[in-house]
There are 2 protein chains.
Amino acid sequence: MEDVLRSLGYLCLGSRLKRIGEQLQADTQRMLEGLEVRVQSSQYPLLAALDRLGPLPVGELAQSLGVTQPGVTRSVSLLADIGLVEVIQANDDQRRRVVSLTSGGQQLVDAAKRDAWPRIERAVADLCSGLSGPLLEQLAAIEDGLAAAPLARRVEKAAAR
Amino acid sequence: MEDVLRSLGYLCLGSRLKRIGEQLQADTQRMLEGLEVRVQSSQYPLLAALDRLGPLPVGELAQSLGVTQPGVTRSVSLLADIGLVEVIQANDDQRRRVVSLTSGGQQLVDAAKRDAWPRIERAVADLCSGLSGPLLEQLAAIEDGLAAAPLARRVEKAAAR
DNA sequence: CCATGTTATATAACATGTTACAGTTTTAGG
DNA sequence: CCTAAAACTGTAACATGTTATATAACATGG
């Protein structure tokens, strides 16, 4: 069965990037399943941003993640519900609501940094290592690589070296 | 403001690919606004698949697009509602429902093939042309390129050559 | 000092992806 | 043949992105 997105090349590059991204996230999700707390893999960038940059108001958090503010508002609500982040009104400007990691959130990030992120990074690096040439060819190689061996299988492989 | 996804490199490659894909689709959407019929840019791959491969049952359509079957079922319902595709039960196998372009759908595809797709393809090619090297660097170049000049602006540029 | 514009956030409505599961047909094995 | 498994599709529930808009707080110019 012909892969239409691949055949269409540059015309559907956006759809194709989204598709690859979703597959990577799904694979990553599977690798995170060992971790105690139940967070979707797509939430980790937000947690990582707070870990890297410290407490941030909603708008700046959105900017640092490159998504729109309503998306961040919702993610923050969800993460606050499960106690990983907290939101406090800024003193100087009552409009701004500053988001920060709770101690539980920080613990999760620390655990992920120690146990999960290095393995994910190695697996993805393994997938993308040795790629060169035009973008479309690299994307095809990534798709083929994921089909041949999902990320989870690449951890051992990378660790074995 | 630091771009966290970019800083995290391979770790958040999935999120980053999705983000770039969404931006490309949004840019593409803007370029399609001249076209008479109101279809989201993300629906064009489905129409293009039917145009390339002819009528297909839902499952094969999903496979050729690399998405799951429920996603295709919904898209097909929407496109059928606005009269661009039609669904007929297969004679030989009552389970299969074969999707095909209506004459209106074919007209839209033909118009897009003539007026829009070549321009989109040129704009994206312009964006990605001259890229080489590691994937992460190419992605950064794409993001920078889109920020500097959205796709719509690249049509004239590419046409001027 | 107040009317008005700007900024920061939340909310609503939608788009479109996913997984899990239900309901038909079809197929195949004894 | 008939039953049980497999295949195909639809539906439900959710995740998470978007745009558009409302609301509250701040800033500013007369």
Side-chain angles (χ1 to χ4, degrees), chain A residues 1 5 12 14-30 32-33 38-46 56-63 65-82 87-99, chain B residues 1 5 12 14-30 32-33 38-46 56-63 65-82 87-99:
Chain A
M1 175 64 50
L5 287 197
C12 292
S15 297
R16 187 147 170 227
L17 290 175
K18 277 182 66 178
R19 187 178 72 176
I20 299 173
E22 273 153 14
Q23 196 178 349
L24 271 175
Q25 283 188 338
D27 265 39
T28 304
Q29 185 72 44
R30 249 161 259 133
L32 286 169
E33 253 152 30
R38 198 152 275 269
V39 184
Q40 294 285 329
S41 60
S42 31
Q43 303 292 347
Y44 279 98
L46 195 157
L56 284 178
V58 172
E60 290 181 32
L61 189 49
Q63 204 182 329
L65 293 168
V67 296
T68 57
Q69 165 263 313
V72 169
T73 293
R74 180 166 31 182
S75 289
V76 165
S77 300
L78 295 177
L79 292 171
D81 285 346
I82 57 179
V87 181
I88 59 175
Q89 205 101 19
N91 294 336
D92 53 329
D93 186 338
Q94 297 286 304
R95 292 171 303 181
R96 311 184 90 185
R97 303 187 55 220
V98 177
V99 184
Chain B
M1 175 63 51
L5 287 197
C12 292
S15 297
R16 188 147 170 227
L17 290 175
K18 277 183 64 178
R19 187 177 74 176
I20 299 174
E22 274 153 13
Q23 196 179 349
L24 271 175
Q25 283 189 337
D27 265 41
T28 303
Q29 185 71 47
R30 249 161 258 134
L32 287 169
E33 254 152 29
R38 198 151 273 271
V39 184
Q40 294 285 329
S41 59
S42 32
Q43 303 292 348
Y44 279 98
L46 196 157
L56 283 178
V58 172
E60 290 181 32
L61 189 49
Q63 203 183 331
L65 292 167
V67 297
T68 57
Q69 166 262 311
V72 169
T73 293
R74 179 167 32 183
S75 289
V76 165
S77 301
L78 295 176
L79 292 171
D81 285 346
I82 57 178
V87 181
I88 59 175
Q89 206 100 19
N91 295 335
D92 53 330
D93 186 337
Q94 296 287 304
R95 292 170 303 181
R96 313 183 92 188
R97 302 186 57 220
V98 177
V99 185

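The chains referred to below are lettered A, B, ... by the order of the sequence lines, with proteins before strands, and numbering in each begins at 1.
Phosphate contact (OP1/OP2 of D/dT9, side-chain N/O of B/Thr73, threshold under 4.0 Å): absent. Proximity of A/Gln43 to the phosphate of D/dT16: a side-chain N or O atom is located under 4.0 Å from OP1 or OP2. Contact between the side-chain N/O atoms of B/Thr68 and the OP1/OP2 oxygens of C/dG17 is not found at any separation under 4.0 Å. Contact between the side-chain N/O atoms of B/Gln29 and the OP1/OP2 oxygens of D/dT19 is not found at any separation under 4.0 Å.
If you take CG of A/Leu5 and C1' of C/dT16, they are 14 Å apart, rounded to a whole angstrom. Distance CD (B/Glu22) to P (D/dT18): 6 Å, rounded to an integer number of Å. Look at NZ on A/Lys18: it is 8 Å from P on C/dT16, rounded to the nearest Å. If you measure from atom CD1 of B/Ile82 to atom C1' of C/dA15, you get 13 Å, rounded to the nearest angstrom. Per the geometry, CD belonging to B/Gln23 stands 15 Å off P belonging to D/dG17, to the nearest Å. For the pair A/Ile20 CD1 and C/dT18 P, the interatomic distance rounds to 14 Å; values are reported in whole Å. A straight line from CD of B/Gln40 to C1' of C/dA13 spans 13 Å, rounded to a whole angstrom. Atom CD of A/Gln25 and atom P of C/dT19 are 12 Å apart (whole Å).
Side-chain to base pairing of A/Arg74 with D/dG17: one donor and one acceptor N or O lie within less than 3.5 Å of each other. On a pure distance criterion of 3.5 Å, no polar donor-acceptor pair joins the side chain of A/Arg95 and the base of D/dA24.
The main-chain N or O of A/Gly59 is never found under 3.5 Å from a side-chain atom of A/Gln69 such that the two would form a donor-acceptor pair.
Under the 4.5 Å side-chain criterion, counting only non-hydrogen atoms from C-beta, A/Leu17 is in contact with B/Leu17. With contacts defined as side-chain heavy-atom distances shorter than 4.5 Å, the pair B/Glu60/B/Arg96 qualifies.
Residue B/Gly71 is in base contact, counting any heavy-atom pair closer than 4.0 Å across all strands shown.
Place B/Asp92 and A/Val87 on DNA chain C by their nearest nucleotides, and A/Val87 ends up nearer the 5' end. Remark on DNA chain D: of its neighbouring residues B/Arg96 and A/Gln89, the 5'-side contact belongs to B/Arg96, judged by nearest-heavy-atom nucleotide. Place A/Asp93 and B/Pro70 on DNA chain D by their nearest nucleotides, and B/Pro70 ends up nearer the 5' end.
The heavy-atom pair separating B/Tyr44 from B/Leu32 by the smallest distance is CE1-CD1, 3.4 Å.
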message: Pair B/Val72, B/Val99 - check side chain to side chain contact (heavy atoms under 4.5 Å, CB included), show working.
response: CA-CA 10 Å; B/Val72 169; B/Val99 185; 5.9 Å; no
